[in-house]
*Asks:* 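Below is the structure I would like to discuss, written out as structure tokens.
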Amino acid sequence: MTSSGVKMKISKVLLLVLALLVPQLSMAQTSPAAQRAWKPFFAAFRAAVKKRDRDALTKMMAPDFYFLSSGGDENGNDDTRDEAFEYWETAGVGAWEALDAALAQGTVVNTAMREFRSRRPSRIAPPLANNRRAIKARSFKWYAIFEYRDGRWYCIGFTECCD
């Protein structure tokens, strides 16, 4: 009887673990092309951030870039990157330094802050931003999200934690 009860408890635990892991693993799937493109993209992105190279970064950021409560497309050009740069440079919140610091910690596959129903490969920096407990506890200050779209990586957002 005791052995049977232990087996039943182990089975329930295993089922629970599988139920929790399977969605995470399925979202973590990424294409071989996205995997190959990640390292060169991330190295170039980090270098552009260090240099504050707006031209290079503009090419690596999505036009619908999300930044701190996304003030929006104030100039009506269907592109929020220019507003993001202006905010980073004038708001006095140390955004450039915060972006550099978040990137220095590296990235992981993004499973915690996914866009609704998005199946695109996605990564997040810093790795702590991929932890739901850390999000709830606001254990980090800033995070950046990257997404693989149309055959290439883009930074799609950089903002303070956590709404």
Side-chain angles (χ1 to χ4, degrees), residues 20-21 23-74 77 79-163:
L20 293 171
L21 278 180
Q24 299 291 326
L25 292 174
S26 68
M27 279 199 281
Q29 297 299 322
T30 186
S31 73
Q35 289 176 351
R36 281 190 306 273
W38 175 249
K39 284 186 180 183
F41 167 83
F42 190 62
F45 189 82
R46 286 201 61 204
V49 168
K50 284 185 183 302
K51 293 177 188 174
R52 311 294 192 254
D53 185 342
R54 291 173 73 161
D55 290 334
L57 287 168
T58 297
K59 294 172 187 168
M60 294 184 264
M61 294 163 60
D64 59 343
F65 186 79
Y66 180 86
F67 67 99
L68 192 64
S69 300
S70 270
D73 183 20
E74 294 171 10
N77 68 350
D79 189 333
T80 56
R81 295 172 290 197
D82 47 351
E83 286 88 0
F85 290 134
E86 184 173 335
Y87 177 80
W88 294 352
E89 292 170 0
T90 62
V93 294
W96 281 111
E97 294 78 11
L99 179 56
D100 198 27
L103 298 176
Q105 296 176 57
T107 68
V108 293
V109 172
N110 178 16
T111 58
M113 292 199 207
R114 305 273 310 172
E115 282 190 32
F116 184 67
R117 294 188 183 158
S118 176
R119 297 209 188 283
R120 294 176 178 144
S122 179
R123 298 189 68 86
I124 192 165
L128 190 58
N130 198 49
N131 180 304
R132 292 193 191 281
R133 285 187 190 156
I135 295 167
K136 189 174 181 178
R138 298 175 182 222
S139 300
F140 53 96
K141 290 191 79 160
W142 294 81
Y143 65 96
I145 297 179
F146 302 88
E147 196 171 81
Y148 191 72
R149 299 177 176 176
D150 303 320
R152 55 182 293 220
W153 283 99
Y154 293 93
C155 183
I156 65 167
F158 177 65
T159 190
E160 286 185 279
C161 179
C162 293
D163 296 331

*Asks:* Quick one: OG on S122 to OH on Y154, what's the gap to the nearest 0.5 Å?
*Replies:*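 One finds 14.5 Å between OG of S122 and OH of Y154.
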*Asks:* Would F65 and D79 count as a side-chain contact (heavy atoms from CB on, under 4.5 Å) here? Give the steps.
*Replies:* CA-CA 8 Å; F65 186 79; D79 189 333; over 6 Å; no
*Asks:* Checking Y87 side chain against T90 main chain: does a donor-acceptor pair fall under 3.5 Å?
*Replies:*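 Absent.
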*Asks:* Given side-chain contact (heavy atoms from CB on, under 4.5 Å), test F41 with M60 step by step and report yes or no.
*Replies:* CA-CA 8 Å; F41 167 83; M60 294 184 264; 3.6 Å; yes
*Asks:* I need the minimum non-hydrogen distance between R54 and D82, along with the two atoms involved.
*Replies:*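 Taking every non-hydrogen atom into account, NH2-O, 4.1 Å.
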*Asks:* State, yes or no, whether a side-chain contact exists between I124 and Y143 at a heavy-atom distance under 4.5 Å.
*Replies:*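 Sidechains of Y143 and I124: in contact.
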*Asks:* Could you give the distance from CG (L103) to SG (C155), rounded to the nearest 0.5 Å?
*Replies:*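 Here the rounded value is 7.5 Å.
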*Asks:* Between T80 (side chain) and E83 (backbone), is there a donor-acceptor pair under 3.5 Å?
*Replies:*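 Here the side-chain-to-backbone pair does not exist.
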*Asks:* Is the closest side-chain heavy-atom distance between N131 and F140 below 4.5 Å?
*Replies:*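 Side-chain contact under 4.5 Å: no.
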*Asks:* Checking ring pair (Phe, Tyr, Trp, His ring centres under 6.0 Å) for the pair F146/F45: CA distance, chi angles, key distance, verdict?
*Replies:* CA-CA 11 Å; F146 302 88; F45 189 82; 5.3 Å; yes
*Asks:* In sequence, state the C-alpha distance, the side-chain angles, and the governing distance for R149 and D64, and then conclude on salt bridge (Lys or Arg N to Asp or Glu O under 4.0 Å).
*Replies:* CA-CA 12 Å; R149 299 177 176 176; D64 59 343; 3.0 Å; yes
*Asks:* Please enumerate all residues that pass salt bridge (Lys or Arg N to Asp or Glu O under 4.0 Å) together with R152, with sequence neighbours excluded.
*Replies:*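 Partners of R152 by the salt bridge (Lys or Arg N to Asp or Glu O under 4.0 Å) criterion come out as none, since no residue qualifies.
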*Asks:* Apply the test side-chain contact (heavy atoms from CB on, under 4.5 Å) to residues R123 and W153: give CA-CA distance (whole Å), side-chain angles for both, the deciding distance (0.1 Å), then the verdict.
*Replies:* CA-CA 10 Å; R123 298 189 68 86; W153 283 99; 3.7 Å; yes
*Asks:* Evaluate the criterion side-chain contact (heavy atoms from CB on, under 4.5 Å) for residue pair F158 and Y66; output intermediate values, then yes/no.
*Replies:* CA-CA 6 Å; F158 177 65; Y66 180 86; over 6 Å; no
*Asks:* Does R81 reach the main-chain N or O of M61 with its side chain, forming a donor-acceptor pair under 3.5 Å?
*Replies:*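 Yes; at least one donor-acceptor contact below 3.5 Å.
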*Asks:* Quick check on ring pair (Phe, Tyr, Trp, His ring centres under 6.0 Å): which of W96, W142, F67 does W88 satisfy it with?
*Replies:*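 Among W96, W142, F67, the one meeting ring pair (Phe, Tyr, Trp, His ring centres under 6.0 Å) with W88 is W96.
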*Asks:* Looking at SG of C161 and NZ of K141, how far apart are the two atoms once the value is rounded to the nearest 0.5 Å?
*Replies:*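 So the gap between those two atoms works out to 10.5 Å.
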*Asks:* Considering only heavy atoms from C-beta outward, does the side chain of P121 approach that of E147 to under 4.5 Å?
*Replies:*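 Not in contact.
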